[in-house]
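Worksheet for the structure shown next.
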Amino acid sequence: QVELVESGGGPVQAGGSLRVSCTASGDTFTDYIMAWFSQSPGGERQFVGVINRPGDSTRYEDSLKGRFTISRDNTKNTVYLQMNNLKPEDTAVYYCAARYGTVLSAVPSNYPYWGQGTQVSVSS
């Protein structure tokens, strides 16, 4: 089992950048695929991106390619989400999630472990 804690959210102006982090504890971090999801008020949890265990392969929601980048530092048990050129519609709670294995899934229900989320608010 792995525990996840996000940090780094906050307010930002449109066009700005923000990096959120997710630090894992408990089980062996490199056994887990790590993903980011977002959830707007009243909305469903949406796939943002996912990174494989070594950190050399990623997959993103098509509409976010080029603005959002996922990376991980396995020496720090941490995964990052770098968000650039932020837009008001990016406002959401951002969650990291983990699943054991190798498949880079975009489906929330395939992830058994979740952090508490961090709020990102983009103002125009």
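Numbers here simply count residues along the sequence, with the first being 1.
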[X] and [Y]: side-chain donor and acceptor closer than 3.5 Å?
X	Y	answer
Thr23	Thr78	yes
Asn84	Ser17	yes
Arg19	Gln82	no

[X] (side chain) donor-acceptor with [Y] (main chain) under 3.5 angstrom:
X	Y	result
Arg72	Gly55	no
Asp73	Asn77	no
Ser105	Val107	yes
Glu61	Lys65	no
Glu6	Gln116	yes
Arg99	Asn110	yes

Hydrophobic cluster of Tyr100, others only, ordered by chain and residue number, side-chain cut-off 4.5 Å: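 Taking Ile, Leu, Val, Met, Phe, Trp and Tyr as members, Tyr100 shares its hydrophobic cluster with Val2, Leu4, Val12, Leu18, Val20, Phe29, Tyr32, Met34, Trp36, Val48, Ile51, Tyr60, Leu64, Phe68, Ile70, Val79, Leu81, Met83, Leu86, Tyr94, Tyr113, Val120, Val122.
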inquiry  = If you define the side chain from C-beta out and look only at heavy atoms, does anything of Gln1 sit under 4.5 Å from Asp27?
reply    =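 The answer is no; the side chains never approach within 4.5 Å.
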Notebook entry, point to check: Would you call Leu104 and Ile33 a side-chain contact if the rule is heavy atoms closer than 4.5 Å?
Noted result: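 Of all side-chain heavy-atom pairs linking Ile33 with Leu104, at least one is under 4.5 Å.
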Requested in this report: Taking all heavy atoms of Gln119 and all of Val93, pick out the closest pair and write down the distance.
Outcome: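 Minimum heavy-atom separation between Gln119 and Val93: OE1-CG2, 3.2 Å.
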For Arg67 against Asn85, the heavy-atom pair lying closest together:
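Closest approach of Arg67 to Asn85: NH1-O, 3.0 Å.
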Between SG of Cys22 and OH of Tyr80, what distance do you get to the nearest 0.5 Å?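 The distance works out to 10.5 Å.
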Could you tell me which residues satisfy ring-ring contact (aromatic ring centres under 6.0 Å, His included) with Phe37, sequence neighbours excluded, listed by chain and number?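 If we apply the ring-ring contact (aromatic ring centres under 6.0 Å, His included) test to Phe37, skipping adjacent residues, the hits are Phe47, Tyr111, Trp114.
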